[in-house]
Amino acid sequence: MLFIGVDLGTSAVKLLLMDENGKIHNIVSRDYPLSFPKPGWAEQNPYGWYSQSMEGIKELIKDCDKSEIAGISFGGQMHGLVVLDKDDNVIRPAILWNDGRSVKETDYLNKTVGKEKLSQYTANIAFAGFTAPKILWLKENEPENFTKINKIMLPKDYLAYRLSGVHCTDYSDASGMLLLDVKNRCWSEEMIKICGISEEMLPELFESYEAVGTIKPEIARQLGIKDSVKIVAGAGDNAAAAVGTGTAGNGCCNISLGTSGTIFISSNTFCVDKYNALHSFCHADGNYHLMGCMLSAASCKKWWLEEILNTNDYAGEQSLIKKLGNNQVFYLPYLMGERSPHNDPFARAMFIGMSMDTSRADMTQAVIEGIAFGLRDSLEVARTLGININRTKICGGGARDAISKKIIANVMDLKVDVIESEEGPGYGAAILAAVGCGVFSSVQEASGKLVKVTGTVEPEKALVEKYEERYQKFKKIYPAVKELYQVFAGGNIWDTEKI
């Protein structure tokens with residue numbers, strides 16, 4: 001049997017074809033545009049996701065035995081607001097996870113409704129990227145569009161709907177909407193009332209590994225596959241990536257370095273930290289996870305190298321880095337504001353510590369170290385809960401180079417396991433499809449059998465000590481400049497009085 005994993009990312013959809021032994025037969029990627037209508041806004045056209053996914057699937061399976069295809073599942077960018085009218089037409093462009101327009105609505109939820117109540121209702125507090133604040137923004141700023149809403153969906157679930165005809169979502173992705181009672185795995189009646197919507201507007205909930213239905217006959221004909229192919233719910237990109245790296249079961253960890261960066265800790269039990277600094281979400285394996293999410297990770301490196309240094313020679317620039325642990329330059333990785341653990345949409349990136357002898361390599365090193373320090377901020381919150389992690393898997397485009405893995409290992413004092421396939425969400429989605437088709441009895445069994453570790457980057461005691469000293473300095477920078485961010489934010493999109 002063959003399984004298709006669809007990784008619906010922010011800039012492209014990546015499609016992966018896997019067999020029941022975990023072997024990848026083909027990978028295809030299709031780009032689509034990202035729109036920034038105003039500073040701090042980020043939107044996409046869901047029709048583009050669908051058209052590029054369809055063309056990508058055709059290319060993906062053109063040389064395989066199409067009769068062997070048994071299931072399709074998804075990993076996708078989280079939190080995006082997709083709204084459909086009564087005829088299931090898209091009402092407006094999707095408002096994405098990295099869109100910051102809902103600062104005012106986020107403040108209302110956290111300060112007026114109150115963080116304590118939000119945590120009680122959903123196990124989380126409001127972040128500007130979450131879906132519920134976007135719904136409130138739409139209600140306030142585009143009332144004509146709000147009144148047209150018949151269904152509210154997430155990005156990957158729009159694809160599942162187009163393929164199956166079922167308005168569906170899974171628990172892991174729904175956890176990031178601020179509409180789900182995570183502990184009890186059901187929609188929150190209180191949050192539905194606060195947002196002024198109805199439960200009928202929300203999709204049907206499934207476990208990530210459950211089939212929501214079969215592919216529409218007309219879509220099957222277009223693709224040349226059987227109409228018995230199962231459409232499996234799938235997961236939010238980070239939960240799917242965790243499955244794709246074998247991070248299922250109690251006490252496992254995965255670090256993902258994509259456009260955003262996450263540290264993902266799976267758990268068999270529900271858990272919330274005191275200040276809701278970490279997200280407490282459902283996991284694709286049917287249990288739970290804690291997740292720290294930084295909004296800019298590999299995108300920091302891309303910005304620095306391509307926009308500032310005007311080069312695509314990533315390997316060449318990183319080869320100049322020679323003095324790990326001794327850099328005097330620090331970088332705060334907040335290009336788009338920050339989520340975990342600061343929850344500060346006003347935050348912005350900055351360098352500090354440059355002198356006349358600071359080199360180009362020092363600046364590049366500081367960017368990579370800043371990403372690692374930002375992730376460690378979230379790890380420290382998990383450690384306050386008594387969670388003792390000593391090793392992690394790693395995935396994502398930003399983790400493919402050796403220097404990033406080494407810095408992560410030593411900044412966080414973790415053994416970093418490198419896996420055979422670093423395809424993350426796409427591979428995890430294909431695994432979920434296999435579970436949904438009955439090849440494996442559970443997600444944990446499937447990922448345990450299919451995911452293979454090929455090597456481990458060990459932390460080095462002397463370097464860990466140097467980075468410990470540097471991290472203690474790093475974590476003092478944000479509190480020292482926090483108030484300045486709001487001063488500099490006056491007069492632009494981040495001025496909540498003008499939103």
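- Each ring pair (Phe, Tyr, Trp, His ring centres under 6.0 Å) pair with one or both residues in residues 77-98, not counting sequence neighbours, appears once here: His79-Phe130.
- Val272 places a side-chain heavy atom less than 4.5 Å from the side chain of Ser119.
- For Thr169, the side-chain hydrogen bond (donor to acceptor under 3.5 Å, both in side chains) partners two or more places apart in sequence, or in a different chain, are Asp157.
- Side-chain contact between Ile389 and Leu414 is present, with at least one heavy-atom pair separated by less than 4.5 Å.
- Scanning both residues, Ala211 and Phe206, for their nearest heavy atoms gives O-CE2, 4.0 Å.
- Partners of Asn238 according to the side-chain contact (heavy atoms from CB on, under 4.5 Å) rule, which considers only residues two or more places apart in sequence or in another chain, are Met78, Ser256, Thr262, Phe264, Met291.
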Q: Please report the C-alpha distance between Val13 and Val28 in whole Å, then the side-chain angles of each, then the deciding distance to 0.1 Å, and finally whether the side chain to side chain contact (heavy atoms under 4.5 Å, CB included) criterion is met.
A: CA-CA 8 Å; Val13 60; Val28 168; over 6 Å; no
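- Ionic pairing of Asp417 and Arg391 is present here: one or more N-O contacts between side-chain nitrogen and carboxylate oxygen are shorter than 4.0 angstrom.
- Annotation: side chain to side chain donor-acceptor pair (under 3.5 Å) contacts involving residues 173-196, sequence neighbours excluded, comprise Lys156-Asp173, Asp181-Asn184, Arg185-Glu207, Ser188-Glu190.
- In this view, Arg470 and Asn327, Phe330, Glu369, Phe373, Tyr467 satisfy the side-chain contact (heavy atoms from CB on, under 4.5 Å) rule, not counting sequence neighbours.
- In this structure, Arg348 fails the cation-pi test against Phe488, since its NZ or CZ atom is not both closer than 6.0 Å to the six-membered ring centre and inside 45 degrees of the ring normal.
- Residue pairs meeting the salt bridge (Lys or Arg N to Asp or Glu O under 4.0 Å) criterion with at least one partner in residues 120-147, sequence neighbours excluded, are Arg92-Glu142.
- Here the CD1-CD distance, from Ile57 to Glu55, works out to 10.0 Å after rounding to the nearest 0.5 Å.
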Q: Check step by step if side chain to side chain contact (heavy atoms under 4.5 Å, CB included) holds for Asn343 and Asn110.
A: CA-CA 11 Å; Asn343 191 17; Asn110 283 331; 3.7 Å; yes
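- The closest side-chain heavy-atom distance from Glu43 to Trp41 is below 4.5 Å.
- Side-chain contact between Leu84 and Ile91 is absent, with no heavy atoms from C-beta onward closer than 4.5 Å.
- Ser280 OG to Tyr288 OH: the interatomic distance, rounded to the nearest 0.5 Å, is 8.5 Å.
- For the pair Phe146/Asn141, no side-chain contact is recorded, criterion being any heavy-atom separation below 4.5 Å from C-beta on.
- Residue pairs meeting the side chain to side chain donor-acceptor pair (under 3.5 Å) criterion with at least one member in residues 290-309, sequence neighbours excluded, are Lys301-Gln318, Lys301-Asp401, Lys301-Ser404, Lys302-Glu306, Trp304-Thr364, Glu306-Tyr314.
- A heavy-atom distance below 4.5 Å is found between the side chains of Leu332 and Ile477.
- Ring centroid separation for the pair His283 and Tyr171 does not come in under the 6.0 Å cut-off.
- For Lys475, the side-chain hydrogen bond (donor to acceptor under 3.5 Å, both in side chains) partners two or more places apart in sequence, or in a different chain, are Gln472.
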Q: Just do the side chain to side chain contact (heavy atoms under 4.5 Å, CB included) check on Met191 and Leu178 with the steps written out, would you?
A: CA-CA 7 Å; Met191 289 306 301; Leu178 203 68; 4.1 Å; yes
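- Asn45 meets the side-chain contact (heavy atoms from CB on, under 4.5 Å) test with Tyr47; sequence neighbours excluded.
- Side-chain contact of Asn124 with Thr122: a donor-acceptor pair under 3.5 Å is absent, judged by distance alone.
- In this structure, the side-chain contact (heavy atoms from CB on, under 4.5 Å) partners of Ala399, at least two apart in sequence or on a different chain, are Leu257, Ile394.
- At least one side-chain heavy atom of Val83 sits less than 4.5 Å from a side-chain heavy atom of Leu138.
- Remark: Tyr478 OH to Tyr334 OH distance equals 7.5 Å, nearest 0.5 Å.
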Q. Would His167 and Tyr161 count as a ring pair (Phe, Tyr, Trp, His ring centres under 6.0 Å) if you check the C-alpha gap in whole Å, the side-chain angles of each, and the deciding distance to 0.1 Å?
A. CA-CA 5 Å; His167 297 104; Tyr161 158 71; 4.6 Å; yes
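- With sequence neighbours left out, Tyr209 forms a ring pair (Phe, Tyr, Trp, His ring centres under 6.0 Å) with no residue at all.
- Between the CD atom in Gln52 and the CG atom in Leu15 there is a gap of 10.0 Å [rounded to 0.5 Å].
- Once rounded to the nearest 0.5 Å, the distance linking OG1 of Thr259 with CE of Met294 reads 12.0 Å.
- For the atom pair CD1 (Ile403) and CD (Glu317), the distance works out to 13.0 Å, reported to the nearest 0.5 Å.
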Q. Going through the distances and angles, do Asp7 and Tyr427 end up as a side chain to side chain donor-acceptor pair (under 3.5 Å)?
A. CA-CA 8 Å; Asp7 174 12; Tyr427 195 58; over 6 Å; no
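- Residue pairs that meet the side chain to side chain donor-acceptor pair (under 3.5 Å) test with at least one member in residues 242-255, sequence neighbours left out, are Thr245-Thr247, Thr245-Asn254.
- Side chains of Leu96 and Thr10 form a contact here, defined as non-hydrogen atoms less than 4.5 Å apart.
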Q: Given side chain to side chain contact (heavy atoms under 4.5 Å, CB included), test Leu375 with Val411 step by step and report yes or no.
A: CA-CA 9 Å; Leu375 286 169; Val411 165; over 6 Å; no
